[in-house]
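Worksheet: the structure to be examined is printed underneath.
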Amino acid sequence: MNVKIKTLGLAAAVTLAAAPAMAQEKLKVGLLLTLSGPSAVLGQHARDGFQLAMKDLGGKLGGRDVEVIVVDDELKPDVAVTKVKGLIERDKVDFVVGPIFSNVAVATHKPIVDSKTFYISVNAGPSNLAGKSCNPYFFATSYQNDQNHEVLGKVAQDRGYKKVYLLAPNYQAGKDALAGFKRHYKGEIIEESYTPLNTLDFQSELAKIASMQPDAIFTFMPGGMGVNLVKQYRAAGLADRIPFLSAFTVDETNLPAQQDAAIGMLSGSNWAPNMNTPENKKFVAAFEAAYNTVPASYAMHSYDAALLIDAALKATGGKTDNKDAVRAAIQKAEFKSLRGDFKFGANGFPIQDFYLVKAAKRPDGKLQTEVVEKVFDDYTDAYAKECTPTN
């Protein structure tokens with residue numbers, strides 16, 4: 001058997017040797033990820049996490065040989081739609097796995113679910129797809145966008161911060177982030193600032209923060225945006241005076257570039273590399289050995305996505321023709337998630353635990369996030385009650 005991994009638009013194809021071929025056609029999985037531009041590292045972690053899972057699963061999902069087709073959405077919704085149509089119409093994929101960014105998820109949702117192709121998000125969790133626009137062909141192994149941000153809102157409230165400055169990029173996930181923070185924070189929002197997506201210079205925002213003197217700031221700045229913001233915040237002398245709370249801003253995708261500037265900064269997450277379970281220890285060690293970097297949650301969610309598909313297809317005997325049977329098998333989520341507690345709610349989003357985590361330096365000099373405390377237990381997203389999934 002060959003597990004064939006194509007990378008379209010990146011001029012690469014990898015073939016991994018595995019076991020003897022089966023009579024069944026190969027299962028086809030399309031990985032739709034951001035693999036270029038300032039936020040490419042996020043997609044790279046997700047791609048590498050999925051491919052590591054394929055290796056650990058012996059190159060099969062549900063007993064079937066697999067062809068994985070990797071496409072770069074370029075963080076452009078129109079490009080993503082074109083590439084998704086290629087995956088569905090030309091490649092005839094059985095599953096689309098991804099994306100990273102919510103604007104891509106929203107743009108590609110309709111063509112994927114309308115074709116009755118299963119869409120497994122490994123990061124993006126827009127509020128509308130968890131609520132009124134939920135669909136039985138859409139699942140997420142990650143979270144609904146608001147939830148990690150809700151962790152910091154509750155922490156800020158519990159720590160008695162009276163006034164907070166909010167900062168996020170101007171797109172759906174940025175709006176969801178700040179909405180999530182405000183769900184549990186009842187103090188004063190002294191500024192709610194939205195910057196253009198992929199902003200890399202935050203000097204004007206930092207000047208405002210310095211002059212307004214909030215008790216803390218809360219921000220969501222993934223990828224290269226987060227790298228620059230953290231460095232500039234530390235260089236401006238603000239890090240020791242005004243607590244920096246964030247989600248997806250200080251994590252394993254950004255820490256190699258942020259280095260000591262990020263140490264001690266607090267974030268919200270559903271997972272951290274130092275979680276003490278056998279499955280997680282094995283995953284982190286294997287990922288570091290394979291890719292020479294500490295895995296981020298994007299890698300964990302993608303690894304879990306492969307485990308999910310594998311478990312679902314084992315339940316259907318490897319068959320994908322009965323969509324209702326596949327959907328029911330996915331909904332049961334009979335696999336051991338790397339994060340621990342995991343089950344799907346009625347809207348296809350996980351019910352899971354969330355934690356306050358802190359950037360720290362390990363004894364070997366590598367940086368990672370580490371669990372400080374559990375904030376939410378078996379937490380359901382706020383939009384699930386609005387979901388009435390139909391065929």
Side-chain angles (χ1 to χ4, degrees), residues 6 8-9 25-34 43 46 50 61-62 66-142 144-145 171-173 176 301-302 305 308-309 312-313 316 319-333 344-350 381 383-384 386-391:
K6 291 182 181 178
L8 301 185
E25 287 185 9
K26 283 185 178 179
L27 186 79
K28 291 189 176 182
V29 178
L31 292 188
L32 176 72
L33 301 166
T34 301
F50 194 89
L61 292 174
V66 182
E67 182 177 356
V68 180
I69 304 166
V70 184
V71 297
D72 178 12
D73 61 39
E74 302 175 29
L75 192 42
K76 297 174 183 175
D78 55 339
V79 170
V81 169
T82 299
K83 293 190 175 182
V84 155
K85 288 180 178 177
L87 288 173
I88 294 167
E89 296 167 9
R90 179 192 62 240
D91 300 310
K92 302 190 185 305
V93 296
D94 300 284
F95 295 86
V96 175
V97 174
I100 300 299
F101 285 87
S102 290
N103 53 348
V104 173
V106 171
T108 56
H109 181 259
K110 183 174 172 56
I112 295 173
V113 301
D114 282 358
S115 71
K116 296 191 174 181
T117 302
F118 288 100
Y119 197 175
I120 313 293
S121 175
V122 296
N123 188 60
S127 54
N128 57 323
L129 300 189
K132 294 177 181 177
S133 296
C134 68
N135 188 280
Y137 285 91
F138 182 87
F139 292 84
T141 55
S142 52
Q144 192 279 317
N145 283 348
Y171 78 118
Q172 185 63 50
D176 286 348
H301 296 144
S302 284
L308 171 66
I309 295 170
L313 295 188
T316 66
K319 297 178 181 178
T320 54
D321 52 341
N322 185 334
K323 302 284 188 176
D324 289 339
V326 175
R327 183 186 311 127
I330 294 174
Q331 187 73 42
K332 287 181 181 177
F344 282 120
N347 62 350
F349 281 76
D381 69 87
Y383 303 95
E386 301 173 11
C387 171
T388 53
T390 62
N391 292 321

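Note that this is a predicted model, so its numbers are computed, not measured.
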Seminar exercise, completed: In short, Ala80 meets Asp73 closest at the heavy-atom pair CB-CB, 3.7 Å
For this session: List the steps, then state whether side chain to side chain contact (heavy atoms under 4.5 Å, CB included) holds for Leu33 with Val122.
Result: CA-CA 9 Å; Leu33 301 166; Val122 296; 4.2 Å; yes
Short question: side chain of [X], backbone of [Y] - any donor-acceptor pair under 3.5 Å?
| X | Y | value |
| --- | --- | --- |
| Ser302 | Ala46 | yes |
| Asp381 | Tyr383 | yes |
| Lys92 | Glu89 | yes |
| Gln144 | Gly125 | yes |
| Lys83 | Asp72 | yes |
| Thr141 | His301 | yes |
| Gln331 | Gly345 | yes |

I want to check something: taking the side chain as every heavy atom from C-beta on, are [X] and [Y] in contact at a cut-off of under 4.5 Å?
| X | Y | result |
| --- | --- | --- |
| Leu308 | Phe95 | no |
| Val97 | Ile309 | yes |
| Asn322 | Thr316 | no |
| Cys134 | Glu386 | no |

Problem set entry | Aromatic contact, Tyr137 with Tyr119 (centres under 6.0 Å) | no
Exercise. Parallel under 30°, tilted from 30 to 60°, perpendicular over 60°: which one fits the rings of Phe138 and His109?
Worked result: perpendicular
Problem set entry | Thr117 side, atom OG1; Ile88 side, atom CD1 - distance, nearest 0.5 Å | 4.5 Å
Exercise. Does one side chain, of Asn145 or Ser102, offer a donor that lies under 3.5 Å from an acceptor on the other?
Worked result: yes
